[in-house]
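Following: one structure in structure tokens, then a few remarks.
Small disclaimer: the values here were computed from a predicted structure and weren't measured.
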Amino acid sequence: MQHIIDRFISYVTIDTESDPTSETTPSTAKQWNLANLLVDELNRIGLSDVTIDENAYIMATLPSNVDHEVPTIGFVSHFDTSPDFIGANVKPQIVPNYDGKDIILNAEKNIVLSPDYFDDLLLYKGNTLITTDGTTLLGADDKAGICEIVSAMEYLINHPEIKHGKIRIGFTPDEEIGRGAHKFDVAKFGAAWAYTMDGSQIGELEYENFNAAGAVVTVKGKIVHPGYAKGKMINSMLIANDFIAALPSNEIPQETTGREGFYHLHTMNGKVEETTLQYIIRDHDKDKFEARKVLMQHIASDINKKYASDPISIEIKDQYFNMKEKVEPVFHIVEIAEEAMNSLGITPLIKPIRGGTDGSQLSFMGLPCPNIFAGGHNFHGRYEYVPVESILSAIDVIVKITELTAEKYKK
């Protein structure tokens, strides 16, 4: 166990926060620090064909050790961390044999990880937890996934008695800003299918995700002296407020669950003369997703009719789509993962992702790619934690998937 803990901590203590405002790939130069370390490590444990390209995409191969033909399968994770919260100077804390009580992350700042608020903690009584010190995120999203893939490959190399076909692994930058798969060379990767190790709770197995778009609503106003503004001033902030109020008030992240979609206003900047609203639009159902985009346009049009200047304009860009469409025709790849979990005594939790992974984009690029748990909880914030036992279980699942795949194609 300590070997795995040490590996994980060596990853999360390297700052790899991505930057949505950057136009480079990777979006931050510091992502190269972990990328280069990973290349060295993959070579050291004995993988072959280890490559890193000019955009920091890493690929490597574990050759087949069977004499029959087996489809090449892959495992994918990302090494950047979210810009939503601080990713520098991560100081992991180890909580052995968790007792189910409050965990003091930072006594000085009175930051507490409590099962009274995060009740999932109670699933892991008796486990060893890795937490933050309350001042940064942890980075288990998705450095736990990377740790699991590297460790599984190392285990297979050290245990040649476990039979498997050719395995490809891939590590990507910039997943957290929606660009992780943008420059992923699917043809070079050469796998028939793959799995992203990027889920949360132990047992998660996901092949449905949101359809996703981003919307920028720009509202133009007119500024004049407020003492002489009658009939002249147009306050863009008030018009923006009308737009916000016209959207369904209960279709927001904090009011929805399961397959329910939402509109999420995540950034707002405004003055009298101009206000900008930035939304993300999400829905599992493709028709409802399209209807959401249409509704935003209709609301803007209705408000514009009240003004001669058409103050509202909207730019909507699709980001990714529901991978269910691409995975269902090859559903055996989900069944193999489910069988692997069952054989290890792990209850599969098959449910839709309320988000997206590299796998959703990769599936539409020709690489069907369900998502498997990596073990972490409370991603993108100071309360993030991961049970070490969940990391170990994910390693076991990877190994078992490779073994089952080889068995199923044995003549």
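- No side-chain donor-acceptor contact under 3.5 Å links Asn158 and Glu154.
- For the residue pair Ser64 and Lys163, no side-chain donor N or O sits within less than 3.5 Å of a side-chain acceptor on the partner.
- Checked against the 6.0 Å centroid criterion, the rings of Phe171 and Phe79 do not qualify as a close aromatic pair.
- Counting only N and O atoms by type, the side chains of Gln2 and Arg7 include no donor and acceptor under 3.5 Å apart.
- A donor and an acceptor atom, one from each side chain of Arg168 and Thr72, are nowhere located under 3.5 Å apart.
- Side-chain contact, His78 with Asp174: no donor N or O sits under 3.5 Å from an acceptor N or O.
- Salt-bridge formation is detected for the pair Lys351/Glu206: a Lys NZ or Arg NE/NH1/NH2 atom is positioned less than 4.0 Å from an Asp or Glu carboxylate oxygen.
- Looking at Tyr11 and Glu41, their side chains do bring a donor and an acceptor atom within 3.5 Å of each other.
- Judged purely by distance below 3.5 Å, without hydrogens or angles, the side chains of Asp102 and Ser114 pair a donor atom with an acceptor atom.
- Side-chain contact check for Thr28 and Asp19: no donor-acceptor pair (N or O, by modelled atom type) lies under 3.5 Å.
- Under the rule for a ring-ring contact (aromatic ring centres under 6.0 Å, His included), the partners of His332 that lie at least two apart in sequence or sit in another chain are Trp193.
- In terms of the salt bridge (Lys or Arg N to Asp or Glu O under 4.0 Å) criterion, Glu175 has no residue partners (sequence neighbours excluded).
- Under 4.0 Å is where a charged nitrogen must lie from a carboxylate oxygen, and between Lys288 and Asp283 no such pair does.
- Panel note: side chain Asp318, backbone Ala213; no donor-acceptor pair is recorded below 3.5 Å.
- A salt bridge links Glu208 and Arg259; the closest N-O separation between the charged side-chain nitrogens and carboxylate oxygens is under 4.0 Å.
- Thr172 and Asp358 share a donor-acceptor pair across their side chains, judged by distance under 3.5 Å alone.
- No hydrogens or angles considered: a donor-acceptor pair under 3.5 Å links the side chains of Ser18 and Asp80.
- A donor atom on one side chain and an acceptor atom on the other are found under 3.5 Å apart for Ser236 and Thr275.
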task: Go through Glu403 and Lys400 one step at a time and tell me if the salt bridge (charged side-chain N to carboxylate O under 4.0 Å, His left out) criterion holds.
output: CA-CA 5 Å; Glu403 187 177 12; Lys400 182 58 70 172; 3.3 Å; yes
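- Note that the CG atom of Asp141 and the OG1 atom of Thr81 stand 8.5 Å from one another [nearest 0.5 Å].
- A salt bridge links Lys293 and Glu290; the closest N-O separation between the charged side-chain nitrogens and carboxylate oxygens is under 4.0 Å.
- The aromatic rings of His284 and Phe210 are tilted relative to each other, their planes meeting at an angle between 30° and 60°.
- Remark: aromatic rings of Tyr383 and Phe118 are close, center separation under 6.0 Å.
- If you take CG on Asp84 and CG on Leu137, they are separated by 8.5 Å, rounding to the nearest 0.5 Å.
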